[in-house]
Each structure stands twice: as C-alpha cells, then as structure tokens.
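Counting convention: from 1, in listed order, for ligands and their atoms alike.
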Amino acid sequence: MSGIHEECGVFGVVCGRRQNVADTVFYGLYALQHRGQESCGIAVNDDGYLRCYKQAGLVGEVLSPPVRAALGEGNMAVGHVRYGTTGGSDVRNAQPIMVNHKNGRMALVHNGNIANARQLRAELEEKGAIFHTASDTEIIAYLITRERLKSDCIEEAVRRAVRRLQGAYSLIVMSPTKLIAVRDPHAFRPLCCGKTEDGYIVASESCALDAVGAAFVRDIRAGEMLVFDRKGPRSLTLGGKCRPTPCIFEYIYFARPDSVLDGISVHEARKRAGAILAKAYPVQADVVVGVPDSGIDAALGYAQASHIPYGVGLVKNKYIGRTFIEPASSLRENAVRIKLNAVKSAVAGKRVVLIDDSIVRGTTIGRIVRLLKEAGAKQVHLRVTAPPFLFPCHYGTDIDSKENLIACKYSAEEIAKIAGADSLGYFPLGKLNRLAPFPRGVRACRACFDGKYPTRVFEGGKRDKFEQKLGMFSGGQGGNTAKEEQ
Ligand code: SF4
C-alpha cells in the first residue's frame, strides 16, 4: 500500500486449431490485472493475419465482448497489461507493439526495463531510426525487426537482438507462424509456461494459467527462449552467460499471493516474511493487522509466529481503479480514507502490530497509522516486510531517486516518529534468502536495498524530468513504479 506500483503482465496462447483465442487472453489478462491497470491489449494471429486492439483502461472495460468478437478467431494470441510511470500513460505506449516489415508482421509484449534503452535509442536514432512511442519495448521491436531482415528465422533475429539488451525483459514475440517466449539471462521478471488440452500458454504468473484452466509446466529459465510452432515447443538458449537474479520484490509486493514464481509460493514467502519479522522484532500487542493486499499474508505469518491474534483491522475499497482522481493536496488525507478504512471494533483500545510491505516516501503509512489511532488503537507497532529502500532500481520500478526514499534521510526510529508509530522494524536484509529460498546458484536481486546491481549500471540511465514528463523509457515493465503515495 505504501510504496510501489505493479509492473506489467504478459500472456500468450498457442493452440492446435483455430478458436476464440482472444477470450483466453482476456481471462489470462484479467488474472494479471494487478500488474498493470493503465492500459491493455490483445493481438490475435489468424493463420498469419495479425489483428490488434489496445486502449487505456482496465481489462474488463477495454476488452469487451464486441472488441473480442472483432478480434476474431485464431490459433495464437498475445496480450499485455501495463502500468506506466508518471507521464507514461499515453495510450501510444500501450502494448502489444505491432510491426510491419518486408518479411511479415510481428506483435511484441514485454515486462521489464531495458537499462541501456537510452543509449540504444540514441545509437539507433543516429542511424536513422524513428520511434513513435516513449517505450523501451519499441526499441526491442526495432532491434528484432532489423535483425529479422538479415536472419533466416525469427528466433535467430530475436536471439541476436536481445544480445544488445541490458536489464530486465520477459518477452513474448508473435510472428505469423511462431510464438516465442524469452526470459533475460538474469530472469529478473517472472515468466512461466502451461499446457492446455490442445496447446500452450505463456504468462507472467502462474495465477494466469490457473485462470484459463492450464496445467503449470515450468518456469522459463534465465536466458531461455521457448519457440512454439508447428513442430511443437522447442527450448533454445540465448547464448552468453546466465546468472539468475530474480527480483525479490516480486515476492514481497508485485506478484499475486496465489502465484508460484520459480518454484516458490508467493503466499508462503509473505508468511515467512511475517514470521521472520515476529522473531526479529517481538512486541507485546493484542492484534496483528495487515495493510491490504500484500500485508495480509505477512500479517498471518507474524500472528502465527508470535501467537498474537490476527485481526481484520483495515478494509480496502476494491472498486478504486486507476481512474480515481487524487484530491487536491488539502484533501489528500481523504484519499487514504476512501481507499482504506479502519475496523473500529478490531483495533479500538488495542495495541496493534501493523504489517505493510514497504515504505518509500513514508507519507501513506503515516496516514494509515493515523487512521488506526483515530479508530481507537492504543499503540501501533509498524513492521515492514521489505528492508529499507536505499538505492534506485534499474530493472523496472520507479524507485529512481534517493531524494524520494525516506530511508535515505532518516533512521527507523525517526521514521516511526514521523509516521506516528510507536515502533518500526524493517525486514532484516541478511534474511532475504530465507523469505524466498532459491536453489543453489540463484541469488535474488536486492539491489534497491543493498546497492549491489546484478548488471552494469548505465550512467545517465535514469530519466530526467523532461523524459519523465514524456513518459520516456517507462517501458515494458509498464512502470513497476514506486507504489503511489498520496
Ligand atoms: S532493484 Fe529491487 S525492485 Fe529492482 S529488480 Fe532488484 S529487487 Fe527488484
């Protein structure tokens, strides 16, 4: 609730016979809506003819039955939900990105952020490229198209193109005859594969496979390219070095709790986070309350480990979408009250342990603490399932400026005071590997907490104010932006 927005979601389907694939993508995107609520779109492949519809808005509003009917039947389709960073909400940045080239057509969807997008764009523009959007995904599309004109097949073009990319990319590329899923050599963003009765699904999260009745097959590996065509699925490698460093923040905040990413249940990871916090920061209290949604699972874990009862102390208004207009600053306090309300009977007269997933600027959490205290809570002890944010993220979130990170300026005690909480405990950095226990050889990215970036960091890689206004490079991740703080 207090810091980072969701990122993008990608979905692809390939099946043996012509059918209503737009409906399948629609239900898959519905399950991925939490990863992006700004725009969405579907491209259908009907025996080599690609039709696309994309628009700003939620999946249920944009991809209505008449829109899906107009997309028609096909044997492959891809879809995308996007959350753009500030200024990046221009519908031109919506995906799928469609490309016409002399060897055919292509549709592309992307989740991630290309760290060297600015450098690549400058280089390509100098050579005459013209870009129509502010999205880094268009750069990927351009690179693939350029390579396609020199390669025998699309998979070779994709392989050559992505070698130029640094950063995070979970991609699905649809050509007239193939569906290609690619996960970058660091596997920053999730991507998994499932099986239906007569075909395959590729999706950002396993919850989308469940939504369309597909059986989970496996996660796509770091540096792997899965090609689906008439010959069936084939696994190829992108070549080069692979060092998986999946984003730890997917488990803390981004992903849905019913998803399993790289073999680790998000719900269980959050419960473990709560249990670890209970041991690290014990406190005498009467009730454990989670900030909906991502604080709920961790609150259960804290309650079980501490033997303090779990309570529903906060209720979220589920019907506030991206169209909710923030009130003027004098009324911003109300924005939190409209989104969240305290359950007085659960917190009045009680010492509350409040579990939230992260603190970015610290403004929202202060308002939530105030909500609880006004509802009669005697004490509020804040426990946060992420360590303090101290460094910008170059792989898709807009944790992009130390000036906006409260932990860069104040100690935990000072932040507790500012928020009006009686104590504050952050998740211990050294215990992140217990939250999401990856197999040997895999070490999650945690660079926004410890500053150890898994890739080269490009100077000037962050957007300046002008670029932010234009939404440039807010790209394919759909801006896994810093969770909004009112
Ligand atoms: S820097 Fe943080 S948010 Fe960005 S990929 Fe790494 S862990 Fe995830």
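The single protein non-hydrogen atom nearest to atom 3 (S) of ligand 1 is T397 CG2, 3.5 Å, given as residue, atom name and distance. Protein heavy atom closest to atom 4 (Fe) of ligand 1, with residue, atom name and distance, is C393 SG, 2.3 Å. What sits closest to atom 7 (S) of ligand 1 on the protein, heavy atoms only, is C445 O, 3.0 Å.
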- Task: Check the pair R256 / S206 against side-chain hydrogen bond (donor to acceptor under 3.5 Å, both in side chains), numbers first and verdict last.
- Result: CA-CA 9 Å; R256 235 169 74 161; S206 63; over 6 Å; no
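If you look at F438 and Y251, their ring centroids are closer than 6.0 Å.
K54 contributes a side-chain N or O that, together with a main-chain N or O of P96, makes up a donor-acceptor pair within less than 3.5 Å. Of the possible donor and acceptor atoms, none in the side chain of D297 sits under 3.5 Å from a partner among the backbone N and O of A273.
When distances to atom 8 (Fe) of ligand 1 are checked against a cut-off of 2.8 Å, C247 contributes an N, O or S atom below that limit. Here C448 meets the criterion, with an N, O or S atom under 2.8 Å of atom 2 (Fe) of ligand 1.
With F188 as the partner, the side chain to side chain contact (heavy atoms under 4.5 Å, CB included) test is satisfied by one option alone out of N111, N113, T245: T245.
The distance from ligand 1 to the heavy atoms of R189 drops below 4.0 Å at these ligand atoms: 5 (S). With ligand atoms numbered from 1 in the order given, ligand 1 contributes 5 (S) to contacts under 4.0 Å with heavy atoms of Y395.
Heavy-atom separations between H186 and ligand 1 are all 4.0 Å or longer.
Using the six-membered ring where Trp is involved, F389 and F249 have ring planes that are perpendicular, over 60° apart on the 30 and 60° scheme.
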